[in-house]
Amino acid sequence: MAEEQNCDILLVTEPNKKVVQSGGWYCDLRIDAAVKVLSRAVSVIDCRSGNGFVWTETDKYKIYSCYISPNCAYEEYHETLERLRDHLIVNRNRSLVTGDFNAKSYLWGNVSEDKRGKELADLIGELEMCVLNQGNQPTFVRGQSSSIIDITFASPKVAQCVKGWHVHEDAPLGDHLPIVFALQPQRNRANEGEPPSRWRWSETCRERLFASLRNKLKSHMAISPEKLTSLVIEACKESLTRYESGGGSRRKVYWWNDQIRSSRTKCVKARRTLMRANRRTRKEAIELMTLEAEYAIAKKELRKQIKIAKDNAWKKLIDELEEDPWGKAYQVVMKKLKKETPPTLNEKLRNVKTLFPQKTPILWEPPMVQTWDPFTREELATAAAKIRVKKASGPDGMPPEVVRRACKAVPEVVLGTMNRILKSGVFPPNWKTARLVLIPKKGMDEEGNRKMRPICLLDVFGKLLEHLIRARLNEVIDDNGGLSDQQFGFREGRCTLDAVTEVMKLAKFANNGTWGRKDYCALVTLDIENAFNSASWLHIIEQLRRRGIKKELLRLIMSYLEVRRIEVTPNHIVDITCGVPQGSVLGPSLWNILYDGVLKQDMPLGVKLVAFADDLAVAAIGRNEEDLMRNTNQALARVASWLEENELKLAAEKTEAVLLVGRRRPRAVQFQIIGAKIEPKKVIKYLGIYIDQACTFSDHLAKTAAKAEGTISALSRIMPNIGGPGSNRRKLLAGVATSMLLYGCEVWHTALATKKNVVVLESTHRRILARVACAYRTVSAEAAQVITGVPPARLLVEERVKQRCTGMPKSMVRSHTLNLWQKNWQQTTKARWTRRLIPDIEKWVKRKHGETDYYLTQALTGHGCFGTYLCRIGKILNASCWYCGEEHTPSHTLFSCSYFDPLRMDVMKKILVWPEESNLIEEMLESPEKWDVLHTFVKKIMTQNEKKERELETGGVK
């Protein structure tokens with residue numbers, strides 16, 4: 001099979017021993033794992049082996065093949081991992097590990113986790129390596145049982161080179177399925193058909209732009225849209241610079257500010273002055289020294305300003321993460337993780353045909369308008385304030401900040417143009433042309449091509465006009481009965497959790513009462529193919545007419561929909577004939593108006609429709625199984641009929657159902673829609689939450705934990721223990737994984753009544769916090785929580801539930817959380833050494849200065865280069881101090897060992913404090929200066945201990 005696949009290297013576990021011993025194979029000491037190089041193009045530089053693993057070194061990579069028997073004792077499993085760890089620590093930057101580890105963990109896709117899996121997952125996290133297993137395809141199949149026990153993981157740089165990792169289902173090798181992947185060096189491929197250059201917005205140019213806009217436009221009134229755009233572009237030419245397509249120009253970093261700009265200007269000026277002086281031979285030495293000193297001062301000031309700005313920016317992001325888990329902080333982190341290859345031109349054209357279907361062009365008969373109500377200046381100001389800044393520009397390259405400034409600089413001109421458009425009833429064609437950007441999604445389609453998410457970028461002046469139209473449209477809709485309360489998408493103050501809660505309310509109602517008097521409940525989720533891009537314009541206009549929209553507004557919306565275009569590249573333009581415009585302001589409102597028809601249909605008693613954008617759920621109850629099927633099937637038939645009438649296509653094969661009946665076992669139930677049969681499943685995913693039949697949410701916690709584990713693994717690429725980002729930055733990065741873990745907890749918080757679910761939640765959260773604290777993988781959850789200042793996951797869930805249910809301020813809820821946390825901290829039997837050093841959690845968490853790192857965390861947890869710890873994990877046999885012979889405990893090392901008295905004397909000279917167990921943290925929290933001195937003291941001790949440990953390992957002394 002390897003020859004048929006044209007493989008260069010073959011990695012085998014449990015090989016035929018006679019075959020591998022015959023020559024040409026590299027084997028481990030037990031001959032349980034083997035490697036064979038099949039291609040002459042691959043040159044092996046070195047090969048080493050141990051018990052359970054063997055590795056070969058090429059010019060670029062070190063590739064490991066491993067095997068650990070499922071029948072070995074846990075102690076032997078632990079020892080094998082420790083030996084593998086010692087090898088990988090030295091070679092972690094270029095290693096790729098494969099093998100049969102007989103371990104289960106959420107990190108590589110299992111639905112459950114065992115002790116071995118936890119240990120291996122912790123090891124992978126400690127080494128900052130990345131798991132490469134994709135999806136939840138089993139690698140081991142025996143009869144009806146299957147699992148994922150064959151694992152591939154690699155260092156971050158090597159992981160980026162792994163392409164096409166997949167399980168080969170067609171060629172089973174015994175109980176195990178073969179895994180195939182390629183190692184390809186990273187290449188940067190340019191995105192064909194680069195968009196034209198765009199204007200760069202800068203706050204320093206604000207006044208200059210304002211003056212230029214006034215100068216260009218003040219003498220004009222009610223000009224055409226084309227003239228307005230051209231004059232504003234002329235103003236941009238005078239006051240702004242461009243992003244040049246093809247490179248060279250860089251975007252402003254997130255922490256940049258005016259103080260840094262000023263400091264940088266002074267620094268550059270000082271450097272140039274010094275360089276010119278050096279070229280002149282007659283300059284005196286004293287003058288050169290003065291210029292060098294001025295340059296050094298300017299450079300130091302610039303670095304200081306950058307450091308302050310970065311710290312403030314990260315603290316702001318962390319605060320925003322607390323308020324909005326999916327906001328800017330989440331986006332910043334995910335950009336570091338999602339680095340997909342840009343789509344090629346062929347991929348773009350292929351996806352455009354799939355994503356944007358074509359229908360027969362529509363010839364409108366616009367209504368005759370006798371009178372019209374012009375937009376007011378107040379309406380313009382409101383619409384301009386709603387334009388979102390710091391967003392990508394449309395085909396004209398104009399930033400949204402420019403349009404907002406134009407509305408303030410020359411409001412009468414902009415308002416006159418908008419009223420001229422309203423009077424004519426013709427939406428400007430240029431403002432209907434969108435620039436297409438395709439974002440790669442996970443997975444492949446049926447033909448093996450990458451899935452793409454379309455982003456359409458429109459001109460901002462067009463969006464300003466859309467805001468004006470939408471405000472009036474919503475006013476008319478509200479006056480005529482409004483939209484259905486069962487639509488939760490694209491509506492202010494509503495979210496996915498509201499939709500899920502609405503469904504669960506019906507399930508709770510059905511399951512109330514005694515055992516014999518409970519109703520049966522079913523949830524059916526419907527999938528509409530390419531809903532937004534295939535919505536019929538005729539039906540949208542028909543719904544607007546029924547709502548009594550004013551004629552001048554209706555005529556403008558007709559023009560807004562017709563003759564729309566998408567700019568794939570500057571040389572490839574595609575006409576659009578249906579769908580609500582992607583990336584627009586008005587599109588979501590038009591979709592809700594169209595979709596409102598299905599939500600207001602008459603449904604059988606006991607049936608409720610719940611929508612979030614295009615996601616439609618049918619929740620039904622029945623007294624018995626027959627009643628439930630009848631009600632559900634009638635509702636599904638009416639929904640299908642409405643969709644057909646409105647030219648929307650239902651994907652029946654993607655329709656899913658689950659019976660929400662608790663622990664009861666109903667008779668066979670089956671639903672039908674457009675001739676397709678729907679068999680209820682045990683678990684379905686609805687708006688990001690996995691809902692199971694018993695409503696326990698155990699499956700949701702397991703699957704979410706697996707997703708969070710994958711994010712932790714990916715974050716390890718940018719969070720090494722030594723030399724990586726500081727604890728504040730690590731807290732932000734790990735906060736993204738925490739947000740994923742706790743998503744929807746306001747709905748599934750009842751699952752924490754089960755101890756198993758609490759263990760899943762807390763163990764995953766512990767691994768997240770271990771990355772933040774730079775802690776050893778053996779550290780307890782309690783210690784990691786206190787050191788990082790992050791409350792236990794269970795308390796975070798309670799906090800979110802309380803805030804949602806009571807509406808209490810965030811500060812008040814957090815104060816209650818800290819009180820509960822402190823009470824639990826005083827009663828816990830774990831993390832005793834950490835509790836002795838940090839007895840008061842609130843004082844530690846609310847400190848205004850100081851960050852923890854790899855060395856300080858060792859001192860605070862006692863898990864590190866201490867004799868008692870190393871003896872406990874089996875790395876050494878004697879726990880005596882390496883310097884004085886007493887017991888090598890954390891307390892003795894930091895506060896008693898005479899070998900480090902000179903370091904303590906240095907501390908005494910600087911801050912007049914002798915480091916002791918009772919005052920270490922208290923003194924560190926007193927001032928930034930004391931924190932730095934005592935932190936340096938701890939770091940020197942731990943660095944010396946680490947050096948001594950390595951010397952003992954190298955010399956073979958145990």
So [Y] and [X], do their side chains get closer than 4.5 Å, heavy atoms only?
X	Y	answer
F532	L355	no
D396	W199	no
I455	I439	yes
V402	P399	yes
M418	L464	yes
I387	K463	no

Only counting residues at least two apart or in another chain, list the ones meeting side chain to side chain donor-acceptor pair (under 3.5 Å) with H220.
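Result, side chain to side chain donor-acceptor pair (under 3.5 Å) vs H220: none returned.
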
Go through the structure and list residues passing side chain to side chain donor-acceptor pair (under 3.5 Å) with R405, not counting sequence neighbours.
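Checked R405 against side chain to side chain donor-acceptor pair (under 3.5 Å); zero matches.
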
Could you tell me whether the side chain of [X] and the main chain of [Y] form a donor-acceptor pair under 3.5 Å?
X	Y	value
S815	S811	no
T417	I223	yes
T433	R565	no
R435	P395	no
W844	V786	yes

side-chain contact (heavy atoms from CB on, under 4.5 Å), that's the test. Do L856 and K939 meet it? Break it down for me.
CA-CA 7 Å; L856 183 56; K939 184 176 181 179; over 6 Å; no

So, are [X] and [Y] salt-bridged, with charged N and O less than 4.0 Å apart?
X	Y	answer
R470	E466	no
E799	R814	yes
K216	E238	yes

Other residues, nucleotides, ligands: >12 heavy atoms within 6.0 Å of R491 CZ
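Yes, because the 6.0 Å sphere around CZ of R491 holds more than 12 heavy atoms from other groups.
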
Might you confirm whether atom CZ of R303 has over 12 heavy atoms from other residues, nucleotides or ligands at distances under 6.0 Å?
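No - once you tally the heavy atoms of other residues, nucleotides and ligands closer than 6.0 Å, there are 12 at most.
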
Closest non-hydrogen atom pair, [X] against [Y]:
X	Y	answer
D853	C774	C-CB, 4.3 Å
R847	W931	NE-CH2, 3.7 Å
K391	P400	O-CD, 3.5 Å
L240	C205	CD2-CB, 3.6 Å

Compute whether any side-chain donor of one residue and acceptor of the other, for T496 and Y743, lie under 3.5 angstrom apart.
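Distance-only check passes for T496 and Y743.
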
Walk me through whether Q785 and L769 qualify under side-chain contact (heavy atoms from CB on, under 4.5 Å).
CA-CA 7 Å; Q785 291 157 4; L769 299 184; 3.5 Å; yes

Passing candidate, side chain to side chain contact (heavy atoms under 4.5 Å, CB included) with P454, options I566, V437, L438
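Checked I566, V437, L438 against P454; only one passes side chain to side chain contact (heavy atoms under 4.5 Å, CB included): L438.
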
Report the residues that fulfil ring pair (Phe, Tyr, Trp, His ring centres under 6.0 Å) with F210, sequence neighbours left out, ordered by chain and then residue number.
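By the ring pair (Phe, Tyr, Trp, His ring centres under 6.0 Å) rule, F210 matches no residue at all.
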
